[in-house]
Structures are given as C-alpha cells and as structure tokens.
Amino acid sequence: MPRLSEVIAALENLWPAERAESWDAVGTVVGDPDQEVTRVLFAVDPVQEIVDEAVKLGADLLVTHHPLYLRGTTTVAASHFKGRVVHTLIKNDIALHVAHTNADTADPGVSDALAGALDLRVVRPLVPDPTDTSGRRGLGRVCEVDPPMTVREIAARAAERLPATAQGIRVAGDPEATVRTIAVSGGSGDSLFDQVRASGVDAFLTADLRHHPVSEFIAARAHSPLALLDAAHWATEWPWCELAAAQLDEISDRHGWDLRVHVSRTVTDPWTSHSPSPGAPN
C-alpha cells in the first residue's frame, strides 16, 4: 500500500501547485505523509456531507476540486462548519487534498472533462497557458460540434448529460441558431467573454453567469448570433471527478498500489429546488 506522500506526489504531478492562480489555495490541507492509503474519494466540495461520506466509505484520502479555506482562517474550532470538517477528517485519519485552478488549466483538465461529457471534440484551449509550448494547457476549451446542432439541442444535451440540478440549463440567444463550434469552461465563466468573442465560436457553455455581464454581452453582439448557456457551477465541474479518478486508477495500476478509487455522486450544488414562472419561455 502506498503512503500518503507517494499518492500526493502522483497528484502533484498531474496538477502541479505552481500552476494554480496566485489567489488560490491548493495542495494538502490535512494528512500525515506517512499514513497508508487504500481508498480515495473524489468530490467537488469539501463540505461536511462529503466528509461524512468519506468516513462511511472508509476512505483514507479525500480529493476535492474546491478549497476548504480559500481566504485563510485563524481558527479550526469545531464550533464553525469548516472547523468541524477538519476535526472529522483528523479524527478519522482522512487526508484532504485540493486541486482547483491547477486542475482547471491542466491537460486534461476540468473543461476537457466537461467537453467529454457533452461529446464535444476539443480543438484548443480558450485561454492558452503561455508557459505550455505544446499549446494544450489553459483555461476553457474551444470545441467542435459534430454534427452541428441547434442551441436548443445543445442545451438539452447538457441538461441530460450533466448531473441534475435545480437550475438546469439557462440560455441567452436564439434557441434555433446552429452551433458548429462552442467554447466550454467549467465553473464561473463570465470573466472570459472577451476571449469567447475573439475565438469566433457560435456558443459558450459555462456557469454562474450574472445579469449585467450577460446583458452587456448580448447587447454588444449585434452582428453575432453567439449564444450563452448557463449551467450550475457544481454540475460543470463534477465530470472532472470522474476524469481525475480514472487518472489515479491508471497510476495505481502502474505502480501496483491496488487503490480503490471512488467518485462521490452526492449533489452538493447549494440550490435545492426550482419553480418556473407561469408563462415563462421554455
């Protein structure tokens, strides 16, 4: 059985911490480097519900996409919900490792997994990593849709293929417009509008789109039919968990570690229900 330090070294090779954004908080949060690892759980959010699942599963390592302490803290007291997470992990000898923006830009990364879930052919990064001479790493992905589909059909495919959430898929633009190329970016994506316009795609699928940026984007695209598709943040990043688990499985087989690798299917999207407005557009 491998030690935690060996498994973490393999994960750091997939998602080097130095490739994370300067504001990010990635890497190992909790864990004894010498502890043995037999079972690993992947999830998007390091919340109590997921930690309890790791305990029940008998996991030795929890790998999440989102950080536990993104903005730092002065306490891990169990009187706070994040402190309770830390206490539960330590009491049950479960390590926590985070791969966030370093997994977003990886090759393959979060947006590759999103594209794969929708059967899109990745062409290139939306925002290339200037340090990658191969031109494969970077934020978001520009993809081909083969055969072409309408915006409505792409939205329906996303609603079907991504994990079910209360939000579903929202669309801004002509639902009958033809989509031959599409940009995708797991997680919050309205900061990428300039790059999306420059890429020349027909549509952009991401999450957390806000009223004013979308309104301005639509108003400025008078001569472009580019459509926006807005999914739940958690749903656009969850496919990465399956991709990451498969990558660790391959590493385990190569090293003879015999790890048991699992993906949490617990929905941690914070929105729990949706009531459509009577007479609202479909």
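For the single chain, residues carry numbers from 1 onward in sequence order. Since we're looking at a predicted model, the values are computed, not measured. What you see below is based on every heavy atom in this structure, not just the backbone, and it leaves out hydrogens, waters and symmetry mates.
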message: Using the side chain to side chain contact (heavy atoms under 4.5 Å, CB included) definition, which of the options Val201, Asp202, Ile218 pairs with Leu226?
response: Val201
task: Tell me whether Val110 is reachable from Val63 by hopping between hydrophobic residues (I, L, V, M, F, W, Y) whose side-chain heavy atoms are closer than 4.5 Å.
output: yes
message: Are the side chains of Phe204 and Ser185 in contact, using a 4.5 Å heavy-atom criterion?
response: yes
- prompt: Would one find more than 12 heavy atoms of other residues, nucleotides or ligands at under 6.0 Å from atom CZ of Arg71?
  reply: no
- prompt: Would His65 and Cys241 count as a side chain to side chain contact (heavy atoms under 4.5 Å, CB included) if you check the C-alpha gap in whole Å, the side-chain angles of each, and the deciding distance to 0.1 Å?
  reply: CA-CA 8 Å; His65 182 52; Cys241 296; 5.7 Å; no
Co-membership, hydrophobic cluster, residues Trp15 and Leu259, 4.5 Å side-chain: yes
- line: Of all heavy-atom pairs linking Ala232 and Ala207, the shortest is C-CB, 3.9 Å
- request: Look at atom CG of Asp34 and say whether more than 12 heavy atoms of other residues, nucleotides or ligands are closer to it than 6.0 Å.
  value: yes
message: Could you check whether any side-chain heavy atom of Phe193 comes within less than 4.5 Å of a side-chain heavy atom of Leu228, counting everything from C-beta outward?
response: yes
query: What pairs meet the salt bridge (Lys or Arg N to Asp or Glu O under 4.0 Å) rule with one or both residues in residues 12-21, with sequence neighbours excluded?
result: none
query: Can you tell me if CZ on Arg136 sees more than 12 non-hydrogen neighbours from other groups inside 6.0 Å?
result: no
message: If you define the side chain from C-beta out and look only at heavy atoms, does anything of Leu70 sit under 4.5 Å from Trp23?
response: yes
message: Let me confirm one number: the CG-CG distance from Leu68 to Asp45, rounded to the nearest 0.5 Å.
response: 10.5 Å
query: Taking C-beta and beyond as the side chain, do Leu248 and Leu11 meet within less than 4.5 Å on heavy atoms?
result: yes
Exercise: identify the closest heavy-atom pair between Ala117 and Leu162: CB-CD2, 4.3 Å
- prompt: Which atoms form the tightest heavy-atom contact between Val7 and Pro2, and what is the distance?
  reply: CG2-CG, 3.8 Å
message: Set out, in order, the CA-CA distance, both residues' side-chain angles and the distance that settles side chain to side chain donor-acceptor pair (under 3.5 Å) for Asp269 and Thr165, then state yes or no.
response: CA-CA 7 Å; Asp269 184 75; Thr165 60; 5.2 Å; no
message: With rounding to the nearest 0.5 angstrom, report the CG to CG distance, Leu62 to Leu57.
response: 10.0 Å
field: Presence of salt bridge, Arg254 and Glu250, under 4.0 angstrom
entry: yes
- prompt: Considering all heavy atoms of both residues, which atom of Ala115 and which atom of Cys143 are nearest to each other, and what is their separation?
  reply: CB-SG, 3.8 Å
field: Within one Ile-Leu-Val-Met-Phe-Trp-Tyr cluster: Ile169 and Leu118, side-chain cutoff 4.5 Å
entry: yes
Member of Glu53, Glu49, Glu242 meeting the salt bridge (Lys or Arg N to Asp or Glu O under 4.0 Å) criterion with Arg265: Glu242
- prompt: Mind checking whether Val171 and Trp271 sit in one hydrophobic cluster, side chains of I, L, V, M, F, W, Y counted as touching below 4.5 Å?
  reply: no
message: Could you walk me through whether His66 and Glu237 satisfy the side chain to side chain contact (heavy atoms under 4.5 Å, CB included) test, starting with their C-alpha distance in whole Å, then the side-chain angles of each, then the deciding distance to 0.1 Å, before giving a yes or no?
response: CA-CA 10 Å; His66 289 153; Glu237 294 180 329; 2.7 Å; yes
message: For residues Val30 and Leu41: do they belong to one hydrophobic cluster (side chain heavy atoms under 4.5 Å, members Ile, Leu, Val, Met, Phe, Trp, Tyr)?
response: yes
Arg161, CZ: over 12 other non-hydrogen atoms inside 6.0 angstrom: yes
Min side-chain heavy-atom separation Pro270-His233 under 4.5 Å: no
field: side chain to side chain contact (heavy atoms under 4.5 Å, CB included) partner of Val184, the single match among Thr236, Leu229, Asp112, Leu205
entry: Leu205
message: Counting C-beta onward and ignoring hydrogens, is there a side-chain heavy-atom pair between Ser199 and Leu126 closer than 4.5 Å?
response: yes
